[in-house]
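Step one of this worksheet: look at the structure below.
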Amino acid sequence: MRPKLIVGNWKMYTLRASARDLAAAVVQRVGTPKVQVGVCPPSVWLTTVAEVVRGTPIALGAQNCHYEKEGAFTGEISPQMLLDAGCAYVILGHSERRHKLNESDAFIHRKVLAALQAGLKVILCLGETLDERKANQAKAVVDRQLSGCLAGVDANALANVVLAYEPVWAIGTGLMAEPADAQEMHAFIRGWIRGKYGEEAAVRLPIQYGGSVTPDKVAALFRQPDIDGGLIGGASLQAELFTAIVRIAEQAASPAA
Ligand code: 13P
């Protein structure tokens with residue numbers, strides 16, 4: 001059975017004290033979860049949060065990285081720096097970076113390869129805009145993102161990849177995708193992986209959903225066969241809501257428990 005994975009993307013929120021407090025509250029409330037849990041604070045607070053989550057089941061992740069190890073790249077952070085700061089994960093290809101900062105599939109692809117090579121696990125985000133969905137292009141867009149960002153990633157490296165389907169129209173809007181619509185795209189993504197890497201890789205790959213996930217709406221979504229947890233924005237900034245989402249994922253992972 002694939003692991004379910006709940007990750008908080010704190011985006012550009014929190015100051016040092018609130019980041020530390022939020023991490024401590026997540027550690028305390030989540031306890032020893034039956035699913036995998038991670039938090040991705042702003043990079044400037046990674047070491048602060050690393051001190052709080054060290055030795056706990058909560059994994060640390062970053063929201064972005066560069067593709068070079070080091071060099072004259074003012075303002076950038078390398079995969080090696082993230083590892084040194086205590087990160088296990090890095091989010092790449094988030095739609096806010098694709099659309100607000102013009103990141104291309106080719107650029108994201110270089111980062112995916114570098115992060116995997118460095119030993120990070122990559123959470124690669126995919127998803128269409130509302131216009132693309134209306135134009136019946138959603139699958140074509142996700143197909144293009146998968147081909148562009150995973151080129152040259154072999155089956156071994158794929159074991160360190162998590163995909164996150166985040167329809168752009170669902171992010172921060174309160175409009176979580178309908179479980180059946182999300183499931184359809186997740187099944188498409190898993191089919192794509194099966195076509196390129198084979199059945200075993202497809203069955204093993206976790207595919208998260210992201211976009212307006214809140215505890216009151218997410219139970220049916222997490223019960224879909226190809227949805228393996230969530231990448232949580234707004235609700236991850238409140239430990240109580242984030243923990244409630246973790247509990248729902250645990251319930252969906254082992255309904256008899
Ligand atoms: P919201 O949960 O705030 O919609 O954000 C989702 C997201 O972008 C996670 O990466």
Side-chain angles (χ1 to χ4, degrees), residues 4-14 18-19 22-23 26 35-43 45-46 49 58-65 82 87-101 103 108 111-112 115 120-130 132-133 138 141-142 145 149 161-179 181-182 185-186 189 206-222 224 227-249:
K4 288 218 189 280
L5 178 63
I6 304 296
V7 174
N9 173 9
W10 295 1
K11 306 191 180 182
M12 199 172 74
Y13 292 101
T14 67
S18 51
L22 177 56
V26 167
V35 295
Q36 295 176 4
V37 178
V39 291
C40 301
S43 54
W45 310 136
L46 282 170
V49 172
I58 311 299
L60 185 66
Q63 299 174 18
N64 180 40
C65 70
L82 295 183
C87 290
Y89 291 93
V90 62
I91 298 171
L92 294 174
H94 195 282
S95 65
E96 286 151 14
R97 300 194 63 87
R98 289 178 186 269
H99 296 290
K100 296 180 187 176
L101 298 167
E103 287 199 1
I108 296 160
K111 303 203 246 190
V112 168
L120 288 164
K121 292 181 200 292
V122 168
I123 299 175
L124 173 64
C125 300
L126 314 160
E128 80 286 358
T129 63
L130 186 58
E132 288 162 345
R133 175 156 283 256
V141 167
V142 169
Q145 292 170 338
C149 298
V161 173
V162 173
L163 298 177
Y165 172 56
E166 299 207 308
V168 178
W169 46 269
I171 296 178
T173 57
L175 300 170
M176 195 185 79
E178 289 300 325
D181 293 339
M185 184 62 90
H186 281 234
I189 294 168
I207 309 175
Q208 298 179 296
Y209 167 85
S212 295
V213 170
T214 55
D216 52 317
K217 288 183 301 188
V218 79
L221 195 98
F222 283 170
Q224 301 298 314
I227 300 185
D228 308 313
L231 187 53
I232 319 298
S236 74
L237 296 170
Q238 294 181 53
E240 203 178 328
L241 294 181
F242 184 67
T243 306
I245 293 167
V246 170
R247 297 280 103 92
I248 294 164

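Whatever order the structure lists ligands and atoms in, that order sets their numbers, starting from 1. Starting from 1, each residue takes its place in the sequence as its number.
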Hey, does the side chain of Asp228 reach the backbone of Ile207 with a donor-acceptor pair shorter than 3.5 angstrom?
yes
Counting only N and O atoms by type, is there a donor-acceptor contact under 3.5 Å from the side chain of Gln145 to the main-chain atoms of Gly127?
yes
Just distances here: any N/O of Ala235 and N/O of ligand 1 closer than 3.5 Å?
no
Gly211 heavy atoms within 4.0 Å reach ligand 1 at atoms 4 (O), 6 (C)
Shortest protein contact, atom 3 (O) of ligand 1 (heavy atom only):
Gly234 N, 2.8 Å
Touching ligand 1 at all, Met176? Heavy atoms, strictly under 4.0 Å?
no
With a cut-off of 3.5 Å and sequence neighbours excluded, list every side-chain donor-acceptor pair involving residues 162-170.
from	atom 1	to	atom 2	distance (Å)
Tyr165	OH	Glu128	OE1	2.9
Tyr165	OH	Glu128	OE2	3.0
Tyr165	OH	Arg133	NH2	3.3
Glu166	OE1	His94	NE2	3.0
Trp169	NE1	Glu128	OE2	2.9

Please walk me through it: do Tyr89 and Val7 pass side chain to side chain contact (heavy atoms under 4.5 Å, CB included)?
CA-CA 10 Å; Tyr89 291 93; Val7 174; 5.6 Å; no
In ligand 1, the atoms that come under 4.0 Å of a heavy atom of Glu166 are 6 (C), 7 (C), 8 (O), 9 (C), 10 (O)
Nearest neighbour of atom 8 (O) of ligand 1 from the list His94, Gln208, Gln63, Glu96, on a heavy-atom basis
His94
Taking only residues two or more places apart in sequence, or in another chain, which ones meet Thr173 in a side-chain hydrogen bond (donor to acceptor under 3.5 Å, both in side chains)?
none
Here the atoms of ligand 1 under 4.0 Å from any heavy atom belonging to Lys11 are 5 (O), 6 (C), 7 (C), 8 (O)
So which protein heavy atom does atom 2 (O) of ligand 1 come closest to, and at what separation?
Gly233 N, 2.9 Å
Ser212: heavy atom below 4.0 Å from ligand 1, yes or no?
yes
For Asn9, counting its heavy atoms only, list the atoms of ligand 1 lying under 4.0 Å from any of them.
9 (C), 10 (O)
Does any part of the side chain of Met176, heavy atoms only, come nearer than 4.5 Å to the side chain of Tyr209, both counted from C-beta?
yes
Is the side chain of Glu103 donor-acceptor paired with the backbone N or O of Arg98 at a distance under 3.5 Å, no angle test?
no
